[in-house]
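Working notes for the structure below.
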Amino acid sequence: MIKVKDLTRKYGDFVAVDNISFEVNEGEIVGFLGPNGAGKTTTLRVLTGFSPANSGNVEIAGYDIFENPIEVKKRIGYLPEFPPLYTDFSVKDYLSFVADIKGVESRKKKEYTEYAVEKCGLENVYKKTIMNLSKGYRQRVGIAQSLIHKPDILLLDEPTSGLDPIQIIEVRNLIKELRKEHTIMLSTHILPEVSATCSRVIIINNGKIIAKDTPENLSDKLTGAVMVKIKIANDIEKAKIAVSEMDVVKKIESNEDMLEVELKNKEDISKVIKNLVEAKADILSVVPSSASLEQVFHHLITREEIV
Ligand code: ATP
């Protein structure tokens, strides 16, 4: 759906996006994660045809953005970081206006508007003036304008920025719901955002892509090992001895009723459980843990590349 190859965007001598390449497949929801100033908005603006590039190729739904910007714009819905809402319009009038400027055919306008209103849960505020809406509802209106022409792809720039915790959850649920019908790429500098909503993450820092993977794989790659916490109801020292001699175990520690085992591979968890059962340990719980996305992110932007 989205193919970016060797894309570079400079502002004067400053390289904001430095030779980046990535792909987003149909039906994916990909998080574009990076600290402030990393180059996320610049990249999204090139992808939407709002900004030129210095070099590289961008193909959206089979169309080259630089050769066929109109065809690309028909297939993309864009939520900018600061959505251009006309706050003295009602939601109804604003969406009608956006549908017109996006070229929605008049015979489809009603159906498409109903689609956007229903998806974004705007039924109760449809006739209200945008100025009088909460920030969360304004953001929903912003998302509704991005999908009113039923684009294949949604590009959302910091979709939950400035919202309160309840609004954040609501907008995240809305985005997950939209995934059924749209391929989505969202930018964020908030780590829990990608864990909560995205199937894949592309991490950008100083204009360069430093990682592309699922959130889970990134954690595993960083630790290079898997940690498992096993809660034991009876003799913890006996349980520890049963496991400590195993080849697959890199490290083991006991702490009150908890064994903390470091394994070489995730698949070895079952072997450890088997040994514990044979040693008559009463297992209360088994919880695998790996590095949090927060640790991965910090590690990546402060140290090495793991693409
Ligand atoms: P944020 O999360 O803060 O929005 P971002 O990852 O979206 O950051 P960009 O807005 O793409 O980052 O900016 C990347 C870099 O390019 C920053 O250093 C920014 O100051 C610079 N930049 C962005 N727009 C311009 C511009 N029009 N002229 C000059 N420099 C710019």
Side-chain angles (χ1 to χ4, degrees), residues 2-24 28-58 60 65-66 69 72-73 76-85 135-136 138-139 142-143 145-146 153-165 167-168 171-172 175 184-198 200-213 215 218 293-294 296-303 305-307:
I2 302 175
K3 286 186 187 166
V4 174
K5 183 103 178 65
D6 304 330
L7 179 69
T8 294
R9 170 70 165 117
K10 295 181 190 170
Y11 296 111
D13 288 338
F14 176 72
V15 186
V17 171
D18 192 357
N19 199 35
I20 65 169
S21 301
F22 63 86
E23 293 193 7
V24 177
E28 273 194 306
I29 173 159
V30 170
F32 196 37
L33 177 68
N36 290 126
K40 305 180 295 291
T41 298
T42 302
T43 305
L44 293 184
R45 286 177 60 82
V46 174
L47 263 54
T48 49
F50 280 100
S51 174
N54 293 81
S55 56
N57 299 308
V58 177
I60 308 274
I65 181 73
F66 308 116
V72 169
K73 281 179 186 173
I76 276 191
Y78 179 41
L79 174 75
E81 198 173 352
F82 304 103
L85 301 178
K135 180 92 172 60
R138 286 188 199 198
Q139 195 67 340
I143 295 174
Q145 68 74 31
S146 75
I153 299 162
L154 289 178
L155 298 175
L156 311 175
D157 199 354
E158 310 255 358
T160 61
S161 117
L163 302 185
D164 73 30
Q167 292 166 339
I168 287 177
V171 169
R172 281 184 191 158
I175 293 169
I184 301 174
M185 181 169 178
L186 64 89
S187 86
T188 181
H189 61 272
I190 309 165
L191 287 160
E193 194 99 296
V194 278
S195 319
T197 38
C198 303
R200 212 152 58 80
V201 53
I202 297 170
I203 302 183
I204 184 167
N205 189 40
N206 291 330
K208 288 190 165 69
I209 288 182
I210 53 171
K212 294 180 237 180
D213 215 326
L218 281 173
L293 204 53
E294 200 123 32
V296 175
F297 185 60
H298 185 254
H299 180 88
L300 287 173
I301 64 170
T302 52
R303 286 189 230 161
E305 298 183 11
I306 61 164
V307 173

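Note: hydrogens, waters and symmetry copies are ignored here, and every other heavy atom, side chains too, is used. Indexing begins at 1, ligand by ligand and atom by atom, following the structure's order.
Listed by atom number, the atoms of ligand 1 under 4.0 Å from Ala38 heavy atoms are 5 (P), 6 (O), 12 (O). Set against the non-hydrogen atoms of Pro35, the atoms of ligand 1 under 4.0 Å away are 6 (O). Shown in contact with Phe14 at under 4.0 Å from a heavy atom are these atoms of ligand 1, numbered in order with element: 15 (C), 16 (O), 18 (O), 21 (C). Atom numbering of ligand 1 starts at 1 in the shown order; those under 4.0 Å from a heavy atom of Ala16 are 16 (O).
Here the NZ-CD distance, from Lys135 to Gln167, works out to 8.0 Å after rounding to the nearest 0.5 Å.
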Q | Working for side-chain contact (heavy atoms from CB on, under 4.5 Å), residues Glu193 and Glu158 | A | CA-CA 10 Å; Glu193 194 99 296; Glu158 310 255 358; over 6 Å; no
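Counting heavy atoms under 4.0 Å from ligand 1, residue Ser187 does not touch it at all.
With respect to atom 23 (C) of ligand 1, the closest heavy atom belonging to the protein is Tyr11 CE1, 3.4 Å. In terms of protein heavy atoms, atom 3 (O) of ligand 1 is closest to Asn36 ND2, 3.0 Å. The protein heavy atom nearest to atom 10 (O) of ligand 1 is Thr41 CB, 3.7 Å. Among protein heavy atoms, atom 12 (O) of ligand 1 sits closest to Gly39 N, 3.2 Å. Scanning all protein heavy atoms for the shortest distance to atom 8 (O) of ligand 1 gives Gly37 N, 2.7 Å. For atom 13 (O) of ligand 1, the nearest non-hydrogen atom of the protein is Thr42 OG1, 3.8 Å.
Not a single heavy atom of Gly12 sits closer than 4.0 Å to an atom of ligand 1.
For atom 20 (O) of ligand 1, the nearest protein heavy atom is 4.0 Å or more away. Note that atom 15 (C) of ligand 1 has protein non-hydrogen atoms nearby, at separations under 4.0 angstrom.
Each of Leu47, Leu7, Ile204, Val17 was evaluated against Thr42; a single residue qualifies, Val17, per the side chain to side chain contact (heavy atoms under 4.5 Å, CB included) test. Applying the side chain to side chain contact (heavy atoms under 4.5 Å, CB included) test between Ile29 and each of Ile175, Val194, Leu154 identifies Ile175 as the sole match.
Under a 3.5 Å cut-off, the side chain of Lys40 and the backbone N or O of Gly34 do form a donor-acceptor pair. Judged by distance alone, the side chain of Gln145 and the main-chain N or O of Gly142 form a donor-acceptor pair under 3.5 Å. Between the side chain of Thr188 and the backbone N or O of Leu33, no donor-acceptor pair lies under 3.5 Å.
Of the candidates Lys40, Glu81, Glu158, Arg9, the one placing a heavy atom closest to atom 6 (O) of ligand 1 is Lys40.
The environment of Phe82 atom CZ is sparse: at most 12 non-hydrogen atoms of other residues, nucleotides or ligands sit within 6.0 angstrom. At most 12 non-hydrogen atoms from other residues, nucleotides or ligands lie less than 6.0 angstrom from CG of Asn206.
Side-chain atoms of Thr8 and Asn54 include no donor-acceptor pair closer than 3.5 Å.
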